[in-house]
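This report refers to the structure that appears directly beneath it.
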Amino acid sequence: MKIMFMGSKTQQIPAIIFALDRMGYEVEMYPKPIEELKGNEEQERQLEIFIKSAKVDFVLSNVFSREAARVTNQLELKYAVWCMDSPSFPAWVPEAEYDNCYLFYFDYREYELKKQSGLKNVYHLPLATDIVWSGQLVITDEETQKYSCNMSFVGGLYSDNPYDRMFSIFPADMQEAFIELIEKSAFVWDGQDRLHMPAELVQAVRQKCPQIFYPCVMPDEYFLRTYLLGRKLTNVERTLLMELLSERFDIHLYTRDTEIVPEGVRRFPEIPALKGAPKVFYSSKINLNITLRSITSGVPARVFEVMGVGGFVLSNWQEEIPELFVEDKEIVTFKTPEELVDKADYYLKHEDKRTRIAINGYRRVKEQYTYEHRLNKIISIVQGKE
C-alpha cells in the first residue's frame, strides 16, 4: 500500500512517517506544508497533479486541509486526518463532511460533537508516542546535569490570549459574566463543564463582536468556550500554579520568551519538541502536565511523550485518563491545587514509588499506545476492515 502524507508547519509529527515506514508501507511525502495550500488555487492544482502522478492509495495528514479534501474528493480518493489539536479548528468546515474524509479525534467530547452533527466517518483515537525513536535518545552527563530538577513543565502560559486582547471591548455586564465563569471553573479538574455559556451571553458576543468568530461550522457556544474562555482559564491556572509550586519546590518552566512569568518562577528558554524536550522529561523527577482547557476530555500529547522516555507524570485529572492508564500505578493525577502540592511533596520524598510508576507508564505506552498501534487502527478503518 502506498500512502501520501501531508505535513504541517505548525504541527510537525515526523513520528508518523517513521512509523509507517517501519510498518512496511510506501510513504510519499508531499513536498509542501498544508499551510501553503490555503486559498491558493495554483497550489491546489499542483496538489491534484502530484496525487495523480504518485498513484497513492489514500492521503493522510495530522491537520485537516479543506483543499486536500476537495482534491481527494474529486479524485474519489480517501483522505484520513488524525486531528492532534482540540478543538481542531481546521476540521470545522463543510469539506470535512465529504464522504471520502475520515476524521480521528483524540478528545472524546469533540468526537461526540462531530458525530452528533451528522458526520459519517468520524472516530475517537487517543494520541501516541514513538517508542523506537525515544529508545534511541542519547543524553550526555552534561545534559543530565543541565536538565535535572525536582519538577518541570514544558509549555506555554497563554499570557497572550484572545480574552485579554478583547476584554475591554465588552460592556460591564458581559465582563462580569465572563469573570464569573472563569472563577467558577478555575482550579477544579473533575470532568464537570463549568465553562458552559448561556445562550443569551453567546448571542450578546455574536452581536457585539462578530469578528471574533472563525468562518466555520463550529457551534458558537463551543467556539467561545474553547477559544475565548478556555485559553484564558489555562493562562490563569498555569500562571498561578507555577507561582504556587515555585514557593515550595525547585520547578523549571520551559516556555517562550514572550510569556509573562510570575516572579520567582525559574524560567528557561523554549525547548525544541523533538530534540530537547525528551531530555527534560527523562531528567526531571516530576513532569507536570496542566492540560489546555480547550481539551475538554482527552489526554494531551505531553503525557504520552513523557511516558515514552520513562518519565514520571503528575497531571491534572482528565475524564479519559482512567480509560487509558491505571491511576497511582502508571500516572498520578490531581483535582485541586492542594492535591497537586501534596502529591508533588510525597513523590519527591518517595523515589522508589515514583520510579515504579514511571516504569509502569513506560510499559503501558510501549505495549498499547505507539504510533504503530494508532496508525494500524486508522488504516484498518480506511480500508473498511473495522
Side-chain angles (χ1 to χ4, degrees), residues 1-8 11 13 16-17 20 23 25-30 32-41 43-127 214-220 222-223 298 371 373-386:
M1 175 182 286
K2 190 175 185 181
I3 301 169
M4 190 180 98
F5 182 74
M6 301 183 67
S8 163
Q11 293 187 54
I13 314 290
I16 293 177
I17 304 167
L20 288 171
M23 294 161 71
Y25 293 106
E26 185 180 357
V27 181
E28 186 78 42
M29 182 75 183
Y30 191 62
K32 296 181 180 179
I34 276 176
E35 288 81 4
E36 291 190 15
L37 296 174
K38 292 181 179 179
N40 190 318
E41 292 184 6
Q43 291 290 347
E44 191 171 328
R45 189 180 71 84
Q46 291 298 324
L47 173 62
E48 180 178 357
I49 293 171
F50 186 91
I51 292 176
K52 285 180 178 179
S53 63
K55 297 180 181 179
V56 297
D57 292 285
F58 77 93
V59 175
L60 173 68
S61 71
N62 61 296
V63 175
F64 186 86
S65 165
R66 61 196 313 176
E67 293 81 9
R70 286 196 293 265
V71 170
T72 52
N73 187 55
Q74 292 167 2
L75 297 176
E76 298 183 349
L77 192 66
K78 292 180 178 179
Y79 175 38
V81 185
W82 190 5
C83 301
M84 294 182 164
D85 263 347
S86 186
S88 180
F89 290 108
W92 283 91
V93 291
E95 287 84 352
E97 300 175 11
Y98 292 162
D99 286 343
N100 73 306
C101 292
Y102 290 72
L103 281 79
F104 298 83
Y105 291 89
F106 80 91
D107 186 280
Y108 189 83
R109 291 192 186 178
E110 186 173 11
Y111 153 76
E112 279 191 315
L113 268 178
K114 297 295 278 189
K115 193 74 174 176
Q116 291 166 6
S117 71
L119 259 68
K120 178 182 177 183
N121 300 318
V122 58
Y123 306 89
H124 176 234
L125 188 71
L127 297 175
Y214 282 13
C216 63
V217 295
M218 179 181 288
D220 284 355
Y222 182 62
F223 173 80
Y371 277 94
H373 286 110
R374 301 303 193 209
L375 290 167
N376 266 325
K377 180 81 171 178
I378 291 174
I379 293 167
S380 180
I381 288 173
V382 170
Q383 290 181 318
K385 295 180 180 179
E386 290 194 28

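Since the structure is predicted, the reported quantities are computational estimates derived from the model, not experimental observations. Here, residue 1 is the first one in the sequence, and each next residue gets the next number.
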Taking it one step at a time, do Y222 and W92 satisfy side chain to side chain contact (heavy atoms under 4.5 Å, CB included)?
CA-CA 11 Å; Y222 182 62; W92 283 91; 4.0 Å; yes
Non-hydrogen side-chain atoms of Y105 and E112 separated by less than 4.5 Å:
no
Identify which one of Q46, R45, K52 satisfies the side-chain hydrogen bond (donor to acceptor under 3.5 Å, both in side chains) criterion when paired with E48.
K52
M4 side chain near L47 side chain, heavy-atom distance below 4.5 Å:
yes
Are any of the side-chain nitrogens in E110 or K114 under 4.0 Å away from the carboxylate oxygens of its partner?
no
Sub-4.5 Å side-chain heavy-atom contact between I13 and W82
no
Measure the shortest side-chain to side-chain distance between L127 and M84 over non-hydrogen atoms and say whether it is less than 4.5 angstrom.
yes
Would you call the rings of Y111 and H124 parallel, tilted or perpendicular if under 30° counts as parallel and over 60° as perpendicular?
tilted
Should we count CD of Q116 as having more than 12 external heavy atoms under 6.0 Å?
yes
Given the options F104, Y102, F64, Y98, Y79 meets ring pair (Phe, Tyr, Trp, His ring centres under 6.0 Å) only with F64
Output yes when a side-chain donor or acceptor of N62 lies under 3.5 Å from a complementary backbone atom of Q11, and no otherwise.
yes
May I ask you to decide if E76's main-chain N or O and N100's side chain share a donor-acceptor pair within less than 3.5 Å?
no
Going by heavy atoms in the side chains, are I16 and L375 under 4.5 Å from each other?
yes
Quick check on K2: does its NZ atom have over 12 non-hydrogen neighbours (other residues, nucleotides or ligands) under 6.0 Å away?
yes
